[in-house]
Structures are given as C-alpha cells and as structure tokens.
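First the structure, in the form of structure tokens, and then the observations on it.
So you know, we letter chains A, B, ... as the sequences are listed, proteins then strands, and number each from 1. What you see is a predicted model, and the numbers here were worked out from it, not measured in a lab.
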There are 2 protein chains.
Amino acid sequence: MKKVVIIGGVAGGASCAARLRRLDEEANIILLERGKYISYANCGLPYHVGDVIKSRDALILQTPEAMQKKFKVDVRVQNEVVSIDRDKKVIIVKRLETGEIYEEAYDTLVIATGSSPVRPPIPGIESSRIQTLWTVPDTDRIHALIQKQNIKKTAVIGGGFIGLEMAENLRHAGIEVSLIEAMDQVMAPLDYEMAQILHENILQNGVKLFLGDGVASFREENDRVTVTLKSGKAVETDLIILAIGVRPNSELAKAAGLSLNVRGGIVVDDTLKTSDPSIYAVGDVIEVEDFVSKERTMVPLAGPANKQGRIAANNIAGAQERYEGTQGTSVAKVFDLTAASTGSNEKTLQKRGLTKGKDYESIIITQNSHAGYYPGAVPMTLKLLFSMDGRKIFGAQIVGRDGVDKRIDTLAVALRMGAGIDDLKKLELAYAPPYSSAKDPVNMAGFVAENVLNGLVVFSDWDVEHKHPDAVLLDVREDAELMAFTIPNAVHIPLGQLRSRLTELDRSKEIITFCAIGVRSYNAARILMQNGFTNVKLYPAGTRFYQSVH
Amino acid sequence: MKKVVIIGGVAGGASCAARLRRLDEEANIILLERGKYISYANCGLPYHVGDVIKSRDALILQTPEAMQKKFKVDVRVQNEVVSIDRDKKVIIVKRLETGEIYEEAYDTLVIATGSSPVRPPIPGIESSRIQTLWTVPDTDRIHALIQKQNIKKTAVIGGGFIGLEMAENLRHAGIEVSLIEAMDQVMAPLDYEMAQILHENILQNGVKLFLGDGVASFREENDRVTVTLKSGKAVETDLIILAIGVRPNSELAKAAGLSLNVRGGIVVDDTLKTSDPSIYAVGDVIEVEDFVSKERTMVPLAGPANKQGRIAANNIAGAQERYEGTQGTSVAKVFDLTAASTGSNEKTLQKRGLTKGKDYESIIITQNSHAGYYPGAVPMTLKLLFSMDGRKIFGAQIVGRDGVDKRIDTLAVALRMGAGIDDLKKLELAYAPPYSSAKDPVNMAGFVAENVLNGLVVFSDWDVEHKHPDAVLLDVREDAELMAFTIPNAVHIPLGQLRSRLTELDRSKEIITFCAIGVRSYNAARILMQNGFTNVKLYPAGTRFYQSVH
Ligand SMILES: Cc1cc2nc3c(=O)[nH]c(=O)nc-3n(C[C@H](O)[C@H](O)[C@H](O)COP(=O)(O)OP(=O)(O)OC[C@H]3O[C@@H](n4cnc5c(N)ncnc54)[C@H](O)[C@@H]3O)c2cc1C
Ligand SMILES: Cc1cc2nc3c(=O)[nH]c(=O)nc-3n(C[C@H](O)[C@H](O)[C@H](O)COP(=O)(O)OP(=O)(O)OC[C@H]3O[C@@H](n4cnc5c(N)ncnc54)[C@H](O)[C@@H]3O)c2cc1C
Ligand SMILES: CC(C)(COP(=O)(O)OP(=O)(O)OC[C@H]1O[C@@H](n2cnc3c(N)ncnc32)[C@H](O)[C@@H]1OP(=O)(O)O)[C@@H](O)C(=O)NCCC(=O)NCCS
Ligand SMILES: CC(C)(COP(=O)(O)OP(=O)(O)OC[C@H]1O[C@@H](n2cnc3c(N)ncnc32)[C@H](O)[C@@H]1OP(=O)(O)O)[C@@H](O)C(=O)NCCC(=O)NCCS
C-alpha cells in the first residue's frame, strides 16, 4: 500500500488528497496541517470581515472529521512538519497542542505549504494592532478587534487585491480607511493608466489614498498606531492591515536541500516533481512557468493551486500529466468596479525589453457591458497587448462594472489557445440584449487591434498634455454632451458636420479626436485621414477614460 | 469612383455601409431599405413590448439623416428593390410612398435583405389579431393593440427565442400568456432534458404551456381569436403572436438567377460572394457553413450578420477575408433563467448518424455560478458533447440564472479555437469569490468529461425510471437534506457513512448514486467502483436536475 503524506491542508493539499482518494481507494493518505482548519476559503476571508459573508462556517468547506469520513484521509490538524529527512524518507512532525515530536515515513511526499504574508522589518512592526489576514484565526482576530475595540480608523498597507478587498470590506463595516501603497498605483497587474480608473472609484468611496509613498515607521501609543510615511505624512489609526505581498513557505524544502529559486520558490519539473523524485510540490510555494513569456515566475492564486493539486494526485497515481504554466488570470471586486487581467501587462513587456510599435502594440477601448438600449448597460475599459504581426496576444486588462469577468475569461481562453487578433474578430459569442452586443467587446478589441496593425487608426497617448503638447484636440461629440464635460482647449465639431467643416482645421498640425467612448472619434479620424490630414490620432477609450486618468 | 449598392439597411447592410465608408471615403454608397427605419435593434423589440426598454428611440441606432451625415451614405428608406438585372448591373427600385419605379446602376451589389417570419397557411391565419414581431412598425402595432384594446389573454405560437422573449414580456406587461409549441420542448437548440428546466420555470411564471401540440386552426370572432390545437384543445385569446420560424428574403436573388439552397438561402463562397462575382450577400438571407459539422446550414443571428457585413465591406474594398462558418452560439433570457448554447446539440449529432458511446460522449453537471460561500451563488446546469478521443468539442448547452452567458462564451471560444477536453481542464479563468470558483464550471466540465472518457465514472440516463428500471437509487445526501426532497424508492446512506455500510448494498445490482448536484454522488460512485461494485452509475447533475426533469 502506497503511503502519501501531504503537508498543507488547504487549496493545493486538500485538492490533491481528494483527487488521489478517488483514483486510489487503497493508498494511505495523511494530511498534515499546522493550523486548526483545513480546506477553508482563504479567498472569502476579507468578505467575512466586512460581514458580506455572514456565516463563518460557510468558509470552512471540509472539517477534518468530514474529510476523514468522506475521503478516508488521515487528517491531522495542529501538526506542523518541522523537517524532512529525504534519505530516510521520513518527516518530523510536531503536535502543536502538546509539543510532542514524531516521525512519519512516506513513499511520496507532497509539499503544499502555501505562502505567508510578508512582515518587513519596519520600525514598530511588532505592534499587535498591525495585522495580516491569511487564515481563519487571523479573520477571527480582526473581526473581534473591530467588534470589541471600537475601531474607527484603519490603514491598509498595500494596494494589491487583498489590500483592496480589505479596504472595501472595512468601508462596508463603516470604518474609515486610509490605503497606503508605495507604488504610484494600486493593483500591480494593471498598467498605470488602467489603475487610474480604480483610483477614481476608491476615492469616491471615501478612502484616503496614499500612492507612491511607502511606510517609514509605525508607532503604537494609547491603543492607536501612527503610520509615518516616507514623505513625512502621518496617518493615525486604530488598526492596520498589512497586505504587501507574500513569500513562499519553503523553509522545510530549503532545509531539506530541494532546489529553490532566488525568491525561495520550490523548483519543480512540468509534472510538479521537485528535485527529489519522491517529492511533489504544488500551489503558492512553487515556481511556475509564465505561460506568455515562458520565464520562471511565481503566481500565488487559488485556481493554479487547485489544478496543480489535482495534477500531482494524477501523477502520484501513475499518470504523466504536465502543468503547462500559469498565465496569471485574475479578477477582483474593487468597490463598485471589477478589475481583471490575464497574461502580461505593458510594464512587464517593457521590463522584458520589448518596445511599443516595434515588438508589440496596444489598444485601449471602451465598450458597453451589453446592448446600450437594454437597461443597465455600463461601460468597461479594455486594454489589449499583442504582437506586431497580430499572431500573439500578450495580455489583456479590463476595468468596469459589469461583464468584466466574462470578457477577461473570453480573452484568457483565447490567449491560452494561442489565438491571434484575427481570431478575436471571429469569435462567435452569445448575444441577446441583456448579455452583450452583436459585436461583443472582445470582437471589438479584435477589430480595433486589426485597424491599428493595418494603419487604419493610430491611438494617441492617454497623457495628451505631456506627450502631445502641440496637438489640436478635436471633440466630435454632439453639442448637448459638452454640458456634462468638456476637454480643456478642445475644438468642437460634431461628427455629422465634420466633412463640411474640414477647412476649419489646420492640416499641418497633429490632430487628436475625442468622443465619449472612442467610436465616433474613430470615424472622425478615418474621415480626416482619408481627406489628406496626415497626422491624426484617436484618443483611446474616449472622454470617459480621459476623465478617469485626469 | 466605385458604386456600391446595398439592399437592406439593418444589421448586415448598415454594418457593411459603415465599414466600407471607413475604408473608402470616395466610394458612392447607396443604402436601400423598404421599411421606414434603418439600423434598428430588432433584438430589442420584444423588450419594448414589455416596457423593459422604455424608450422607442433607443431602439433606432441611426436615423437615415444621421447615417447620411456621419457616413456619407445615400440612405433611401421606403425604397424597395423589386428586381436585379445582373447583365446590365442595375436594380429596379420602387419608391413605396409614390409607387414610382426607377433604375439604379451598381458596380457591386450587397444583398442584406434578412429574413421574414413564417406565416403558414393555417385556416384563419389572416386575422389582424395574429401578429408577428419583426420590425419597428410591428412593435408599434402590437404595443398599440395592447395599450388600447384591453388585451388580457394572448397566445404565443412558437417556443423559440423570440416566442419565449415575447411570452416573458407579455407577462411583464401583466397579460395572460399561453405558449403553444408543436415540438415536445421549447428552445430547439437545447436538448430535451435541458429544455425541461425551462419548462419548469415557464410554468412557475404563470404561463400556460402547450407542448407537442401544433395549431390546427384559428378563428376570429368578436375581437377574440380562438386557437384550436391538433389535440383538439382550444385556447381563447385577444391577441396572438406568431413566432414559428423565419424564411430568407431571397425572392430577388432567386428571380435574378443567383444560386439558392433548398430552403431558399443564397449560396455564397467563403468571401461572401454569391454565384455572381459582382454581388455579395450577408446575414439571415445566406447559407453558411456549420462550424462544427461543416455542413451547409442557415443561422439567422445578429452577431454573424454584423460580422458578415464587415467582411463583405473589407472584400469590396479589396481584401480577401474569409468567413469561416457559424457555430450558432446563442443566449436568451427566459423569465428567471438564462439558456445558452454553442455548437451542435445531441439531437443534431444523432441526426448526423453519430452514436453515443461510439462517436461521442456527453455529460450533464450542475455547478454554482460563483463560490458557494459568497452571497448570490446559484446553480447552473451544463451539458457538454465531445468526441470519444476527447479532442473535439461538439457543443455545449447551459441553463441557469447567473453566469450562464459567461460560461457559454468560454466554451464558444474553446470550441472555435479547436480545444479538446484536456484544454478545458487547463483553462485559467478569473477567480475571486464574487465571480467564480477556483475550479470554474468550465474546468469542472473538463474534469468530468475526462473522467467519463477514462471510465472513472459512468453517467446514468436522466430518465432513470424508464432506462434503468431495476437499478438501486442510492441517495448519499445528509439526513437534513432529505426533508426538502426525496427521490422515490431511493436507499439513503450519507456519503460519510458509505464505506462502513457497503454491506447494505447488493453488489449484483446496478446502483445509481444521487446527491444535490453530483459531486458527493461522484465520490460515492468512486468508492463503490473501487470496492468491487461493477455496475455503478452517477445520476447527472443531482437531485436538482432530477426535480426539473420529473
Ligand atoms: C485573504 C486572501 C484572499 C485571497 N483571494 C484570492 C482570490 O480571490 N483569488 C485567487 O485566485 N486567490 C486568492 N487568494 C490566494 C489563494 O488563497 C492561494 O493562492 C491558495 O490558497 C494557495 O494554495 P496553497 O495550497 O498553495 O496554500 P494554502 O491554501 O495557503 O495552504 C497552505 C497550508 O499549508 C499549511 N502549512 C504551511 N507550512 C506547514 C507545515 N510546515 N506543516 C503543516 N502545515 C503547513 C498552512 O498552515 C496552510 O494552511 C487569496 C488569499 C488570501 C489569503
Ligand atoms: C424580435 C427579434 C429578436 C431578435 N433577437 C436576437 C437576439 O437576441 N440575438 C441575435 O443574435 N439575433 C436576434 N435576432 C435576429 C437578428 O436580428 C437577425 O439575425 C439580424 O437582424 C439579421 O440581419 P440582416 O441584416 O440579415 O437582416 P435584417 O436585420 O432583418 O435587415 C434586413 C432588412 O432588409 C430589408 N429588405 C428586405 N428586402 C428588401 C428589398 N427588396 N428592398 C429593400 N429592403 C429590403 C428589410 O426591410 C430589413 O430591414 C432577433 C430578431 C428579431 C426579429
Ligand atoms: C473541498 C476540497 C477538499 C474539495 O476537493 P475536490 O473534491 O477535488 O473538489 P470539488 O468538491 O470541487 O469537486 C471536484 C470533483 O468533482 C467532480 N465534479 C464536479 N462537479 C460534478 C458533477 N456535477 N458531476 C460529477 N462530478 C463532478 C470533478 O470532476 C472533480 O473530480 P475529479 O477531480 O476527480 O475530476 C478542496 O477543493 C478544498 O479544500 N477547497 C478549499 C480550499 C481552497 O480551494 N481555497 C482557495 C480558494 S478560496
Ligand atoms: C449602427 C451601425 C450602422 C454601426 O455600424 P458600425 O459603425 O460598423 O458599428 P459600431 O458603431 O458598433 O462601431 C464599430 C466600429 O468602431 C470601432 N470601435 C469600436 N470601439 C472602438 C473604440 N473604443 N475605439 C476605436 N474604435 C472602436 C470598431 O473597430 C468598428 O470599426 P471597424 O469595423 O472599422 O473596425 C450598425 O451596427 C447597425 O446598423 N446596427 C443596428 C442593427 C443591428 O445590428 N441589429 C441586430 C442587432 S439588435
């Protein structure tokens, strides 16, 4: 009888155990978890803090008892693995309640130890009012602090998805929130201009936003913690949530001499085997291949962890299934908005040395979530990055209110399946007025990208003032629309009048066309380009986007 | 200067005109439309009847004047093309307001005449209280009838998507509805068992449903129309909406000697040229290739019509773009549900002579729209059809409340890009609790399909009583769940107790396992199969589905 020991009992570990049992009723499967809980919904924790998910029980998908009964897995919570003896094929385990140490032999070992939130050595970091949210007990602690300690002001350090979810949920619980982020933007997977749409909405939701300003120190005094930022600004709080990143829980693997990468990620082959053929590793703790760049990277997400757990189980049961890399598809609810991305962003392409216009192109468009004439249609802004020959999609980002998750999934599948721009045009997506438009936003992205590659249209930079200081800004919206918002210093000629008023425009100048979302201004650009104007550009995603980024 | 005449000014025609203008500012583009309106939202019309779309203006995307000004297109509404003289390259046009006839020459002609609702020669069909809904004037007429004539009872003939949308909107307007359908199910793109979920909800919404019962005759008397069905049943109504199918508006093409198929669809090559190289045809009026079967077919949908219009424009402007077939992705809101499909259904596969278990396999699963612990998660039922080697997806159908449109699009892209089962497993879809689960329903479909192909699990027929009359039905849900619903004659052993109670089951019998959605019962099936039970099957999609189909 094969003996399989799994270290870590949540996403990767529990999935691996469940699948393995279905494949092999006889295997002796032991699941070791240092925490009190297995198989819980990490991803739901922020929502329990905000009471959006009211039931704490709902977050725990399997109790140790249930897992034991349903899957015949020997589940041992509060059992921490302290070392691995690869030669003897045993692990050393500590029973945390008693302190007792014991050995457990394995035929195959699975390391699914996940990652932990980073707590950098900033002065004052040891305060008990500086919390991280990672586990059920963390959530209980934060929940209790909020309910019992009259928490009114919090600071969330870190504008990644966990920080943003926490900010939203704390606001939901009626608490003041300052969001502090060292970079000049939240949500690193987005490019700067796309993140600006989030910044606008975060501010509208009453969060104080500190961007481009790292933490210099914390100071606790009288139940309050003051955060001093590098800029010298001070933020007073009752509670701080630290969410500035994760590091892999790979101490065990390191001590056992398994190959790690520089960031501490366990190196695995494409069957998820570590450098020791008896040891698999899955989830946040491993290094994976970036599906787009084929470089080695680390992507701590639940989807990949679950899938890897299943693949490891298959391989332990005798398959030779390969894990073919992670493209980093992700989505987050950020107050009233949804932000999603897949593949590489432009920052990453540039870091890899790729140049816009030479190695890649990009578009930003606005489109409605569904047919504009059906109630509830709301705009989304979509950025697409692709190769100059149109054959490869590098990545996509979408920010909007509704239908964002659908379009990122459409694009994620396209990217995964090796689609090019031409394929996006042809995708036959489901259309009825409540759900989409006859040309779905993803089709539109294909059309627009093709137009860029064919030179039918050229986009301006979103930062027109700095990048195109001498350009004529031509607003082609109708008169009535100008009442809501006007672009400073723009010339105004409604699209329907453009052909008859061409003489009002200076052909020697760069002209940048604007409308609300970019469709009429595109038609305007085509009219100008076909009437002898040689330097015409289209402002991406229209005045809506202009407003978000200005 | 090239002269392009387009016949038909809505989806295919208007799109073609707009794109062509953007490619060629100089072309002389004439758009001829026999109706009063161009460029309107056919698909929105049912929702205007139900006052869900309140503004009639919102349905008209471009007026002739706006189209003229913005696109420099010579738009002529109420101008009906009455014949095509291919030798002389002229068309004969009738000005409907004056009756005047004139000739118009063309270099290139585009036929985008769409389709019309079928009005079969049933006795009594000529009543003015039997309406079809196809155009803006149709909508105005029905709207006016409802508002002014005190309509209380209606019958909708035809359970396709237009009939269903009309039924929903009439109910929305507070009117009694009888839905009459000659087939034994509504929504032909779905297989029978999937349509049953719709039937359940249609009935719950107070619609009287007559299935498998065609219309024998109509009789108008005193402002009422009585429908007599083939079964002899009579339905009294104040108004009837006929929505039993469409036929292509190809009379012009036929008279001009262009190649048509047996159903009257215009035959085009893959660049959308008809048998006359100066004439293109697009939209509902043409025959297309079925993307899955590669057979010739007709798919009257707006997405294909719009895309074809754009491709024809590109080709008229000198490109050689190919239209690569229609997969028939569609979606409809049906009361509280969404029903969607892509590719072939099982009926079609069988009509093509394919046999289940030999040429194709199918699965039906239930999964939640998003993580069960986040508020608002609702189940969807997904059917997937695929080849025995797992390399080809034939089609998919989904019925549910939320997230259905997203999953059908994911699957539509996968199908389009040639994905196999293995690819579905690997798709990296966006996960956060409000949007999906770590294993998205589409991934799950991949896992389950693989399990079927590998023999890890065998599904029973949904119709257990008839197809498996001697089987033991084994319900593995928890005690508490049985209070809500019990399966007649089922044996009950909760999953967690199964291993210890195996002796209670007869190994010589066929055993069919049940739980709420199919996951625990799958685990139960694995336990049985690995413990020497040789004839174990899983009831598809759980007791929820059982209830819908029973
Ligand atoms: C608040 C929060 C929100 C998130 N939201 C999302 C989201 O919306 N979408 C998404 O895709 N991802 C999200 N994630 C990330 C996702 O939860 C992780 O990627 C996933 O859980 C990783 O799975 P894993 O099995 O590698 O690690 P984990 O699920 O973290 O499990 C590792 C387990 O190993 C145990 N362990 C570690 N060392 C030992 C040891 N020596 N002995 C015994 N046990 C040990 C740990 O106690 C832990 O329980 C979120 C994470 C958090 C914390
Ligand atoms: C009520 C309703 C709801 C729908 N809902 C959906 C949906 O939700 N999703 C979906 O994908 N599809 C839907 N459709 C189908 C979709 O609208 C059609 O597939 C699409 O409009 C076809 O485009 P077309 O250009 O071929 O034809 P049309 O859009 O019908 O345009 C053809 C035009 O040609 C004109 N014409 C015909 N003959 C002549 C002539 N001899 N001279 C001059 N003009 C002529 C007609 O008057 C008509 O205006 C719906 C259709 C209807 C009626
Ligand atoms: C709870 C847990 C142990 C369950 O593991 P699991 O049994 O593999 O997963 P699920 O319950 O999702 O079920 C999936 C299985 O059911 C099958 N299945 C799903 N729906 C089915 C249906 N309707 N009919 C038949 N089979 C179905 C799948 O094929 C899969 O089986 P397979 O892997 O053998 O192919 C594991 O998912 C877990 O611990 N999750 C919580 C931790 C976590 O993921 N955290 C991060 C995200 S918040
Ligand atoms: C109104 C109508 C004439 C517009 O045609 P259109 O201009 O081709 O279509 P849209 O307004 O959707 O715009 C699409 C164009 O804008 C471009 N575009 C879309 N969003 C853009 C953005 N944000 N920035 C730049 N360009 C953009 C697309 O690339 C496309 O141009 P292309 O075809 O030259 O590549 C036509 O769609 C129509 O008549 N529709 C109503 C009828 C109908 O479809 N009925 C059935 C469904 S209810």
- Evaluate the criterion side chain to side chain contact (heavy atoms under 4.5 Å, CB included) for residue pair B:Lys333 and A:Tyr374; output intermediate values, then yes/no. CA-CA 12 Å; B:Lys333 182 168 157 0; A:Tyr374 188 88; 3.9 Å; yes
Which region of [X], side chain (C-beta onward) or backbone (N, CA, C, O), has a non-hydrogen atom less than 4.5 Å from a non-hydrogen atom of chain A, or is it both or neither?
| X | result |
| --- | --- |
| B:Ser55 | neither |
| B:Ile311 | neither |
| B:Lys54 | neither |
| B:Phe71 | both |
| B:Thr338 | both |
| B:Ala332 | backbone |
| B:Tyr435 | both |

- Task: Among A:Gly303, A:Ala11, A:Pro494, single out the residue with the greatest number of heavy-atom pairs under 4.5 Å to chain B.
- Result: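 Of the options given, most contacts go to A:Gly303.
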- Item | Selection from A:Leu301, A:Asn451, A:Thr342 maximising heavy-atom pairs under 4.5 Å formed with chain B |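 Result: the option with the highest number of such pairs is A:Asn451.
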For [X] versus [Y], what's the shortest heavy-atom pair and its separation?
| X | Y | result |
| --- | --- | --- |
| A:Tyr373 | B:Leu61 | CD2-CD2, 4.1 Å |
| A:Ala432 | B:Glu165 | CB-OE2, 4.5 Å |
| A:Pro433 | B:Cys43 | CG-O, 3.2 Å |
| B:Ile408 | A:Ala430 | CG2-CB, 3.6 Å |
| B:Arg322 | A:Lys426 | O-CE, 4.4 Å |

Can you tell which part of [X] gets under 4.5 Å to a heavy atom of chain B, answering side chain, backbone, both or neither?
| X | value |
| --- | --- |
| A:Phe161 | neither |
| A:Arg499 | side chain |
| A:Arg19 | side chain |
| A:Tyr522 | side chain |
| A:Ala340 | neither |
| A:Asp57 | neither |
| A:Ser436 | neither |
| A:Thr410 | both |
| A:Glu450 | side chain |
| A:Asn531 | side chain |
| A:Arg407 | neither |
| A:Glu65 | neither |

When only pairs under 4.5 Å are counted, which of [options] shares the most heavy-atom pairs with chain A?
| options | answer |
| --- | --- |
| B:Arg520, B:Lys69, B:Met417, B:Lys425 | B:Met417 |
| B:Gly372, B:Ala412, B:Gly44 | B:Gly44 |
| B:Val52, B:Val457, B:Asp405, B:Ile53 | B:Asp405 |
| B:Asp24, B:Asp422, B:Leu59 | B:Asp24 |
| B:Arg310, B:Met529, B:Gln497 | B:Arg310 |
| B:Leu495, B:Val442, B:Leu498 | B:Leu495 |

- Item | Residue pair A:Val413 / B:Leu429, side-chain heavy-atom distance below 4.5 Å | yes
- Message: Counting C-beta onward and ignoring hydrogens, is there a side-chain heavy-atom pair between A:Pro434 and B:Tyr47 closer than 4.5 Å?
- Response: yes
Let me confirm one number: the [atom1]-[atom2] distance from [X] to [Y], rounded to the nearest 0.5 Å.
| X | Y | atom1 | atom2 | value |
| --- | --- | --- | --- | --- |
| B:Lys307 | A:Lys439 | NZ | NZ | 9.5 Å |
| B:Leu427 | A:Leu415 | CG | CG | 11.0 Å |
| A:Arg21 | B:Asn523 | CZ | CG | 11.0 Å |
| B:Glu25 | A:Leu528 | CD | CG | 9.5 Å |
| B:Asp440 | A:Asn306 | CG | CG | 12.0 Å |
| B:Gln530 | A:Leu23 | CD | CG | 7.5 Å |

- Item | Salt bridge A:Arg416-B:Asp423, side-chain N to carboxylate O under 4.0 Å |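 Judged by the 4.0 Å cut-off on N to carboxylate O distance, A:Arg416 and B:Asp423 do not form a salt bridge.
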- Donor-acceptor contact below 3.5 Å, side chain A:Glu428 vs main chain B:Gly328: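 Pair found, side chain donor or acceptor close to backbone of B:Gly328.
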